[in-house]
Number of protein chains: 2
Amino acid sequence: MPANEQHGIPSVWTRPRARREQPALSREQIVAEAVRLLDAEGIDALSMRKLGTRLGAGATSLYRHVANKDELIELVVDEVYGELAEPDVARSAHWRDVTARRAHGLRAMLLKHPWIASLLGEVGVAHLGPNLMRLSDRMIATFEAAGFALSESDHAVRTVFAYVTGMTTSEAAWLTMLARSGQTEQEWVERLWPAAEQAAQAYPRLRKGYADQRGKDPRATRDENFAYGLDLILDGLEARLGQAGPAAG
Amino acid sequence: MPANEQHGIPSVWTRPRARREQPALSREQIVAEAVRLLDAEGIDALSMRKLGTRLGAGATSLYRHVANKDELIELVVDEVYGELAEPDVARSAHWRDVTARRAHGLRAMLLKHPWIASLLGEVGVAHLGPNLMRLSDRMIATFEAAGFALSESDHAVRTVFAYVTGMTTSEAAWLTMLARSGQTEQEWVERLWPAAEQAAQAYPRLRKGYADQRGKDPRATRDENFAYGLDLILDGLEARLGQAGPAAG
DNA sequence: CGCGCCAGCGTATGGTGTACGCTGAAGCGA
DNA sequence: TCGCTTCAGCGTACACCATACGCTGGCGCG
């Protein structure tokens with residue numbers, strides 16, 4: 001390979017191949033691609049090498065924009081929190097409706113990205129991520145407007161959050177396992193049936209519970225389940241509101 | 001190194017070193033040691049090599065007793081569920097007290113083994129693990145005895161479980177980060193203060209919340225927090241009990 | 001006594017996160 | 001316009017990971 005420049009030959013080969021045409025690499029781009037990768041292939045597929053390749057870059061190039069993998073994960077988690085839309089206030093501005101819609105939205109988001117089940121335990125409350133902070137603020141605002149004290153609003157937000165993430169993490173883990181196995185929810189339940197019945201042998205209550213669920217649509221059961229606990233919490237909050245401050249909205 | 005046997009020299013060296021004096025390896029032993037390792041060094045330190053070494057065995061020997069690392073994790077999770085003691089019925093047999101004590105016990109266990117925060121998202125409800133099944137059964141029994149229908153008892157158990165795991169996962173993640181940093185909760189809060197205030201700049205409610213918490217003992221705050229949400233849920237349940245079936249003790 | 005079984009081992013493979021030092025283009029002051 | 005600094009991205013290297021596979025040698029049973 002001669003140094004073509006010295007010969008002055010004007011050709012594609014001599015020109016120093018204009019800088020990467022795609023505007024290089026940016027933190028936003030990396031995070032967005034990571035989310036796509038996670039959605040497509042799940043948590044185990046997220047490696048710096050694979051992510052780099054997808055971005056047309058080497059693995060270690062990513063480290064210019066992200067301190068390490070853990071930091072990338074923090075960013076990814078906050079990124080998906082950013083997807084949450086504000087509830088449509090026109091539909092109803094009652095604190096209870098607004099909170100319920102937010103909870104359902106959060107659940108839907110978590111189930112859309114089931115891999116975060118595995119990440120929430122490492123990141124906790126996604127420390128100080130801007131999107132999560134915005135969401136917290138909005139939720140607190142809703143409670144304060146309804147008449148809760150600030151400190152109680154804070155408690156309320158944490159409770160709702162804990163419930164939604166706890167319930168949904170478990171759902172997401174279940175769905176992830178299903179996805180890995182390539183079976184439908186219904187198929188899996190049928191296949192697991194003998195084992196489950198065996199395992200529950202000593203516990204008639206559990207066995208009956210399984211049996212009652214047998215015919216039903218598993219997805220509907222999960223929805224119903226989630227709604228039950230959420231209602232419970234909202235009922236509890238409503239009761240507190242009645243007994244303390246002057247209720248609003 | 002000559003093959004001593006050929007010379008018939010009777011010595012410690014010729015004798016084929018009596019089988020491993022420790023009774024070899026068993027699934028129970030492996031799981032127990034894994035829990036110790038996790039408690040001592042955290043989730044990142046759990047590798048088959050390290051675990052094998054601690055047991056005086058090679059890494060791959062473990063695979064005789066455990067299909068793969070994921071299976072080991074399922075076993076480990078169920079193992080710690082097994083630590084939960086039944087609440088002392090003598091103290092009070094009221095369903096609400098019993099449930100509250102179970103919830104606090106579960107939280108204490110999860111905080112004692114903060115690494116499970118990272119595992120719950122992968123295992124979901126620790127499918128069919130015997131210890132978890134026993135616990136579920138007991139909890140359902142408590143609700144049924146109190147007058148809830150079976151299906152509602154099931155919902156109630158799931159709700160309490162989701163709340164406790166959700167809230168505690170977040171606490172555990174926080175504590176794990178603290179442990180990694182080697183600082184106390186108080187120190188960390190102080191050091192993080194400017195960043196937190198900065199991040200909350202646009203959200204006066206959050207800023208005020210932080211400020212209100214500033215002087216308090218963080219641990220006490222977490223306890224209080226947990227208790228609030230739990231009470232909320234129990235209130236909700238109590239209300240349902242009143243409006244439906246005939247309430248029992 | 002002899003044989004089959006099987007727990008545990010050694011080795012090997014293909015992955016991982018990330019430290020380090022190089023290259024070459026871009027931007028900027030003279 | 002030149003020349004220097006800065007810095008994005010790369011290639012290589014290291015230590016470690018889970019785990020497949022085939023061997024070995026001791027134990028228990030016939």
Side-chain angles (χ1 to χ4, degrees), chain A residues 1 3-6 12-31 33-34 37-38 41-76 115 118-119 122 180, chain B residues 1 3-6 12-31 33-34 37-38 41-76 115 118-119 122 180:
Chain A
M1 274 300 182
N4 293 323
E5 294 87 340
Q6 292 183 356
V12 213
W13 309 113
T14 70
R15 194 170 40 255
R17 97 179 185 294
R19 199 103 194 94
R20 198 147 240 86
E21 52 268 41
Q22 290 299 25
L25 226 45
S26 77
R27 176 180 281 195
E28 290 72 26
Q29 220 182 111
I30 291 173
V31 172
E33 189 64 37
L37 173 53
L38 284 163
E41 306 191 40
I43 187 74
D44 292 340
L46 179 64
S47 78
M48 300 305 269
R49 280 166 159 81
K50 206 172 221 160
L51 183 55
T53 305
R54 268 170 163 254
L55 288 160
T60 62
S61 309
L62 306 176
Y63 285 89
R64 286 278 153 199
H65 303 92
V66 145
N68 50 42
K69 197 181 179 183
D70 284 354
E71 186 178 304
L72 173 64
I73 284 176
E74 283 188 58
L75 291 168
V76 161
W115 40 267
S118 317
L119 301 185
E122 297 184 8
R180 260 202 272 268
Chain B
M1 274 306 176
N4 294 323
E5 294 87 341
Q6 292 184 353
V12 214
W13 310 115
T14 69
R15 193 169 42 253
R17 97 182 184 294
R19 200 104 194 96
R20 199 147 239 85
E21 54 269 41
Q22 290 299 26
L25 226 45
S26 78
R27 177 181 280 196
E28 290 72 26
Q29 220 182 112
I30 292 173
V31 172
E33 189 64 37
L37 173 55
L38 284 163
E41 306 190 40
I43 186 75
D44 293 338
L46 179 64
S47 78
M48 301 304 269
R49 275 165 162 77
K50 207 170 223 162
L51 183 54
T53 304
R54 269 170 162 254
L55 288 161
T60 61
S61 309
L62 306 176
Y63 286 90
R64 285 277 153 203
H65 306 271
V66 145
N68 52 41
K69 196 180 179 182
D70 284 353
E71 186 178 304
L72 173 64
I73 284 176
E74 283 188 59
L75 291 168
V76 160
W115 40 267
S118 317
L119 302 185
E122 296 182 11
R180 260 201 273 267

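A, B, ... follow the sequence lines: proteins, then strands. Residue 1 opens every chain.
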Produce the list of close N/O pairs, under 3.5 Å, pairing protein atoms with atoms of nucleotides 18-20 of chain C; give distances to one decimal.
| from | atom 1 | to | atom 2 | distance (Å) |
| --- | --- | --- | --- | --- |
| dT18(C) | OP2 | Y63(A) | OH | 2.7 |
| dT18(C) | OP2 | K69(A) | N | 2.9 |
| dT18(C) | O5' | Y63(A) | OH | 3.4 |

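The CG-P distance, from L72(A) to dG17(C), rounds to 10 Å in whole Å. One can place CG of D44(B) at 15 Å from C1' of dA18(D), the figure rounded to the nearest angstrom. As rounded to whole Å, 19 Å separates atom P of dC6(C) from atom CG of L62(B). For the pair H65(A) NE2 and dA8(D) C1', the computed distance is 7 Å after rounding to whole Å. Regarding R27(A), its CZ atom lies at a distance of 12 Å from the P atom of dA8(D), rounded to whole Å. Separating the CD1 atom of I73(A) from the C1' atom of dT16(C) is a distance of 13 Å, rounded to the nearest angstrom. Note: CG (L25(B)) to P (dC6(C)) measures 17 Å, nearest angstrom. Rounded to whole Å, the distance from CG on L55(A) to P on dA8(D) is 16 Å.
If you check dG8(C), dC9(C), dC10(D) against the side chain of A57(B), the one that comes closest is dC9(C).
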Taking distance alone, no hydrogens or angles, what donor-acceptor pairs closer than 3.5 Å link side-chain atoms of residues 43-54 of chain B to residues at least two apart or in another chain?
| from | atom 1 | to | atom 2 | distance (Å) |
| --- | --- | --- | --- | --- |
| D44(B) | OD2 | R180(B) | NH1 | 3.1 |
| S47(B) | OG | K50(B) | N | 3.1 |
| T53(B) | OG1 | R49(B) | O | 2.9 |
| R54(B) | NH1 | E33(B) | OE2 | 2.6 |

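Contact record, Y63(B) with N68(B): CE2-CA, 3.8 Å, taken as the closest heavy-atom pair.
Residue L46(A) is classed as a sugar-phosphate contact, given heavy-atom separations below 4.0 Å to backbone atoms only.
Annotation: salt bridge (charged side-chain N to carboxylate O under 4.0 Å, His left out) contacts involving residues 57-72 of chain B, sequence neighbours excluded, comprise R27(B)-E71(B).
Panel note: side chain H65(A), backbone I30(A); no donor-acceptor pair is recorded below 3.5 Å.
Here E28(B) pairs with S26(B) under the side chain to side chain contact (heavy atoms under 4.5 Å, CB included) rule; sequence neighbours left out.
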